[in-house]
Amino acid sequence: MNSATLSDLSVLVPELILVGTVLVLLLLARRIQTAPVAAVMSLIAAVAAGVTAGMAVVSGPQIGFGGMVTVDGYSRFFKVLIAATLALAVLLSVRRSNEEQAPRAEYHALLLLASTGMMLAGSALDLLVLYLALELMTLCAYVLVGIHVERPWANEAAIKYFLLGSFASALLLYGMSLTYGVTGSTGFADIAAALFGRGLETDPILLVAIGLIASGLAFKIAAVPFHAWAPDAYQGASAPVAAFLAAGSKAAGLAALGRIGVVAFESEAHAMSAVLAGLAVLSILLGSIVALSQTDMKRLLAYSSIAHAGYALLGLTAGTPDGASATMTYAFFYVFMTLGAFGVVIALGERGESLDGYRGLAAQRPGMALVMLLFLLALTGIPPTAGFSAKFVVILSAVRAGYVPLAVLAVVCSVVSAFIYMRVAVLMYMREPREAVPPAFPVAVSAALVVAALVTVIGGVLPGSLSSWAVSP
Amino acid sequence: MSDYPVLSVATFLPLVGALAVLALGRGERARWIALLATLATLAAAVPIYLGLDKTSSELQLVESLEWIPAWNIAYGMGVDGISLPFIFLSAVLTVLCVGVSWNAVQTRQREFYAALLVAETAMIGLFAATNLLLFYVFWELMIVPVFLLIGVFGGPNRVFAAVKFLLFTLAGSVLMLVGMIALHSTCGTLDFEQLADAREQLGSGQQSWLFAAFLAAFAVKVPMFPVHTWLPDAHTEAPTAGSVILAGILLKMGAYGFLRVSLPILPEGVQTFLQPMLVLSVVAIVYGAYATLVQTDIKRLIAFSSVSHMGFVTLGIFTLDAQGIEGAILQMINHGVLSAALFLCVGMIYERTHTREISDYGGVARAAPVFSTLLAFFCLAAAGFPGLNSFVGELLIVGSAFATQSWLGAMAVWGIVLGTVYLVWLFYRVVMGELAPNLAGMKLELSAREVATLAPLAVLAIWLGLHPELVLSYLHAPVAELTNGGVTH
């Protein structure tokens, strides 16, 4: 392989911006521990990465690094989404000055590095690059979850996450090596070419490979039965980190699943569909039902994110470009509504972490309660919010692919989850407050909430706004 | 003719009002903004009335904007003779809701009036939508404000009632969502007229299960027996304005759905389910009427009477002949007027006595002659007194039911008899006799504002009773189109 040239690097501009910022942050780490410089730098880097990713020409896909990395409409979509996730996560990480702080420079460096990995996952055209990208993301995530070393529960969460995560990475790697064994290649296009005309009949081992790869990626998006880490990690981590993981890790995992499913295993779409349908059903069922009994807000949102992983998978289950595009739309809107819901949790501080803290919020802070109601409605999938648009496209693609029972199951479970989300609404609007009025929260958090709320509303009023943008690979 | 989008203006004016209430409505100002917004909406609806040609069965005043080109779905609004009366009823009732809540709602007025106005947008938008997705959006949009109206401003058991309402309606509507998506993936469009033209593409098996999917949503809203159980709870606990919205409009959404979706688009599905629908309708009529006899709570009694009256509506629709369908639509309007009036009456007296138990009342006539007269009037009208509005609608439906299957007509007549019994008995227990001791000394008589709130409904009840053509003349053309379009028995 040739050494990297300038044109190769041009494929990775957004990632390079993030990595460059990381280097600067680490160099200056000691000087900026107390000033908000780190947050500002990260925000600028996120916006710059998002803008460069969004402006990337799509006059046909560009390829770099010997065909291992690409810039196309698909990767552009996810890069912009991840840049937005990063920007909102940075805003949400701004704390009140009297609250305990994680080491700022390191914290932001890890956020940026994790985002780099997520972005790369959308661009990867090769199993190995994909693996590296996802590991970069996950390794940073382990540390982020446990970054408050003085909190025992954060350490516990990080260790659980790490152990399960390593196991999942091993599964992923094993699946990749089996694929290599069958096809003799790690590039997606070569794998597809090698599989053309062959199938599970000639290479039954392929089913194992597909299953293992899907399992490894299912861990990243917290789909059942690879979900066990999510509730503990979200609960133990600080709320901004939980929000970042819920949104970003899911987007990156879906990006990887989408490209592998549609490009590499195109000829094995039915096997992939079967595996994904199983994951989707289990996730939707378990996520909706277990959330019923949660009393911790972050755990509730974790189970909700598990259910949403299932809904998002419905699109990929169809195994068509339309389906992949539906999943992309779902991921996009989901990121904003879940970041928004977490944003309210963050804004409420300690009080926001338990369900009881929402009692009487509407009487005390009507605006915040209204915004939370909006995100809850979006998570339920009630129009006119983006959650409905997202649900509509994935169910449309499931019905078109003939998975009508799956669609019915999905909507019936959405009634179950409506009960969960509306329980929070009931607490906010229909109960008397027990706690004092929550203190004002930083402007940055409000800004993030406003952005998330706007996307949630606009995405609901104009459900087709993403359709020309969410192009499958 | 006007050259601006009258329907969109009438639909979204309340939403603008809601935002204004949220932004500016500190303290007492909220109700003034709400009154202004609802009156403006009523005024904005007048050009719709003026612009409609009632001899045509086409959708008129059509607005179409590109909305979701990728799925071939446009933002489409339009009216015909069927939807026009509902739009007006919604606009009128919301004004009255503001009127009756003027003093009754003392806390969190801002949220109350904002929810009411959002509900108005949902109601008018639903009746003006010309495609299924828009219909669905307004359908779901309705759930949230009503949920809040019941749950925040309702009676002691309000949270239970609100959640029950939410879960029932949502469970129905998600199945409609799947049905809608299946329609879209087969026919490639969601426009009502295009769907009716494209219905050949649906096999009869597919039509049957699509009908079932939509039935789940519509039956819960109507509500048909046996999914009516949310209604008594919701009605009882809701604040007066909430009950008025529920009884006056929300229940009609389901029946309107049958007329807009099931009959024109899924005629074969209708045929498959025809007999069960007719049977469930008369069960609702008779069961609802008997259930009123054992109620001790006035609002619960009226709620069960709604179940009975909406049974007449679905019976009329599923006779599938023009007379029955016209009678059903007329009856929906009548019921919208009268159940709203009855709930307003109950709400007004409740505001003074703080009890809804029938046994706590008695002899109200002695303390409140004007109230008692109005209540008597509305009870008589609801019981189908000749010359008042319900009489005509029930006559049309019963006639049509006799022609369809005579036992249906007989059951419906039995329902009317029971209706007279429970309404007269209610009136007797509340108004006649000696003044109940616990009411002594209370100022029960209505204020001028309250009389003004009830007066429009009384006028409508007489007007529609003497001159039902006021509504019926709008129905002839579209209903003829509906019955000629393939849904005949």
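Letters A, B, ... mirror the listed sequences (proteins, then strands); counts begin at 1.
- In this structure, chain B has no heavy atom under 4.5 Å from any part of A:Arg423.
- For A:Val461, the part lying under 4.5 angstrom from a heavy atom of chain B is the backbone only.
- Ranked by non-hydrogen atom pairs under 4.5 Å with chain B, the options A:Gly381, A:Ala363, A:Ala362 are led by A:Ala362.
- Your options are B:Arg158, B:Arg108, B:Arg110, and the one with the most heavy-atom pairs under 4.5 Å with chain A is B:Arg108.
- Under the 30°/60° scheme for interplanar angles, the aromatic rings of A:Trp469 and A:Phe77 are found to stand perpendicular.
- Remark: of the listed residues B:Phe211, B:Trp139, B:Tyr256, B:Trp139 is the sole one forming a ring-ring contact (aromatic ring centres under 6.0 Å, His included) with B:Phe218.
- Under the 30°/60° scheme for interplanar angles, the aromatic rings of A:Phe392 and B:His184 are found to stand perpendicular.
- Ring pair A:Tyr311/A:His308 is tilted by interplanar angle, where 30° to 60° counts as tilted.
- Neither the backbone nor the side chain of B:Tyr75 comes within less than 4.5 Å of any heavy atom of chain A.
- With a threshold of 4.5 angstrom between heavy atoms, B:Val163 approaches chain A through side-chain atoms but not through N, CA, C or O.
- Of the atoms belonging to B:Phe153, not a single heavy atom falls under 4.5 Å from chain A.
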task = With side-chain hydrogen bond (donor to acceptor under 3.5 Å, both in side chains) as the test, would you mind laying out the steps for B:Glu268 and B:Ser208 before giving the verdict?
result = CA-CA 7 Å; B:Glu268 289 179 49; B:Ser208 298; over 6 Å; no
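- When heavy atoms are compared at a cutoff of 4.5 Å, B:Leu167 approaches chain A by way of both its backbone and its side chain.
- Ranked by heavy-atom pairs under 4.5 Å with chain A, the list B:Val152, B:Leu141, B:Leu170, B:Ile73 is led by B:Val152.
- Taking the six-membered ring where the residue is Trp, the centroids of B:Phe127 and B:Phe138 are separated by 6.0 Å or more.
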request  = May I have the step-by-step check of side chain to side chain contact (heavy atoms under 4.5 Å, CB included) for A:Thr327 and A:Leu313, ending in yes or no?
outcome  = CA-CA 7 Å; A:Thr327 293; A:Leu313 284 176; over 6 Å; no
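- Between chain A and the options B:Leu148, B:Leu22, B:Leu175, heavy-atom pairs under 4.5 Å are most frequent for B:Leu148.
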